There are 2 protein chains.
Amino acid sequence: MKEIQSSKNPLIKETKKLQQKKYRQQSQTYLLEGFHLIQEAHAADVVLKDVFISQRGVNEWSDWIEENLSEYYLVSDEVLKHLASQPAPQGMIAVAEMPQEKEIDFSGAWLLLDNVQDPGNVGTMIRTADAAGFSGVILGQGSADLYNPKTLRSTQGSLYHLTISNADLTKIIPQFQQQGSLVLGTALDKNAKEYLTVEKTENVALVMGNEGQGMSSAVLALTDQNLYIPIKGQAESLNVAIAAGVLMFHLLK
Amino acid sequence: MKEIQSSKNPLIKETKKLQQKKYRQQSQTYLLEGFHLIQEAHAADVVLKDVFISQRGVNEWSDWIEENLSEYYLVSDEVLKHLASQPAPQGMIAVAEMPQEKEIDFSGAWLLLDNVQDPGNVGTMIRTADAAGFSGVILGQGSADLYNPKTLRSTQGSLYHLTISNADLTKIIPQFQQQGSLVLGTALDKNAKEYLTVEKTENVALVMGNEGQGMSSAVLALTDQNLYIPIKGQAESLNVAIAAGVLMFHLLK
């Protein structure tokens, strides 16, 4: 255990850069905030390069720390606050190594995100895909970064339970189809079917689109069938993560 | 049209106080940010006391302004930023009067929130309740304020399409039951039923609980039946707004 009191410490300065995507990509590392996410990452054999813990955190999680960490930095509250993206950091922040992307095996149910931009939506959809029994989530072009602190927080650790990949959807959708998956889009075109009419299928890929614009025309042109959720009240639309939840639980019910 | 250039203007200082719940309750007014929400409020006959618009906003929405506003304040970008809760305000902010609470008529489907604390969750659940065909939403004790800017933004205007009331759930639930509604809770107790086994019922009240703790024991003791959503993957739980979405669309499908 080493101590760091000042946020001007060179390691802290380097670490803080990981709040920016550019540095995360360069170093292939990212920040994990809070005990729950760090515990989930460790349980999934993610390599934790550096772990920064406040005195309060050391007191609270002493058993887990002793059992699982060979070393860590005891840092002042000021340092922890400096590294955190939230106003009230939760006592522990770690630098984690990005994994090699797992191979997509195309079996089971997959969620494909076409330009879903809000990190909270992307993270919540990964968490929901996990709970609904999906095999993985593919982040298409324009989608929020998986390693954005808000995305990570919203996943509640589910990113470690599924295969998560980045891919160009116009290239990956034909591969799903070649492997026998039914590729379902979400749109209100005249050939779209009400989602309740779609029966459970073994292998399926569900595409959700951008918060404002929906799916891109290039991706829409590739789907086997498009679904819609009937809106009964006066709402114009559903939040994309809610729509994804309703559809995912229906498809695998 | 009057002009205000400085955020030190007394009206602007007074208006800014409405970012705090205390002043909203005192004055029975609240802030609406962005053209879409203001338009929805106006269409629902909400009284707009003051409307502040930037030059960009005046140019963009000139037809609507001419047709619908008898007067407004042209304000500098600095003033608009000062009044907004978001870093990039959308050109228009209004002070709206709170309506008298509508009577709860107990018919149809109702969503009851027991200490749901996140404004984004509460707003999204109101939007989803609207889309699913629910009659109203009751904000129980401890739930986020309807007039918090984040709640309002997440509703996307659906607060004007439904009856929204504040009530003590332990008092209102027996009234729902007396009127013949089935009151469904959400919990993982040993008598809970998988949600898919519940058939559509005419009059129903669905209770959702706090993000971390779930429903309070006092409210749980009053429900007719509790439901759960089976979790298939390794996720520990669903986001409360996602769970509400899955349940609401199932109950009124």
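In what follows, every chain begins at residue 1, and chains take the letters A, B, ... in the order their sequences are listed. The model shown is predicted, which means the values in this text are computed figures rather than measured ones.
Residues of residues 98-125 of chain B that come closer than 4.5 Å to chain A, counting heavy atoms only, are B/T124, ordered by residue number. For a heavy-atom cut-off of 4.5 Å, chain A lies close to B/S158, B/H161 in residues 148-161 of chain B.
The number of heavy atoms from other shown groups lying within 6.0 Å of NZ (B/K81) does not exceed 12.
At a threshold of 4.5 Å between non-hydrogen side-chain atoms, the residues B/H36 and A/E236 count as touching. You'll find the side chain of A/N239 stays beyond 4.5 Å of the side chain of B/T128, heavy atoms only.
Considering all non-hydrogen atoms of both residues, B/A235 and A/R127 come closest at CB-O, 4.0 Å.
The most heavy-atom pairs under 4.5 Å with chain A, out of B/G245, B/A243, B/A131, come from B/A131. Contact count versus chain A (heavy atoms, under 4.5 Å) is highest, among B/G133, B/S237, B/A129, for B/S237. Interface remark: of the candidates A/Q234, A/K253, A/H250, A/E40, A/Q234 forms the most heavy-atom pairs closer than 4.5 Å to chain B.
With B/F249 as reference, A/L238 is the one residue of A/L238, A/L196, A/L247 to meet the side chain to side chain contact (heavy atoms under 4.5 Å, CB included) rule.
With a threshold of 4.5 angstrom between heavy atoms, A/L162 does not approach chain B through any atom at all. In this structure, chain A has a heavy atom under 4.5 Å from the backbone of B/A132, while its side chain stays farther away.
In terms of modelled atom types and a separation under 3.5 Å, the side chain of B/D130 and the main chain of A/G233 share no donor-acceptor contact.
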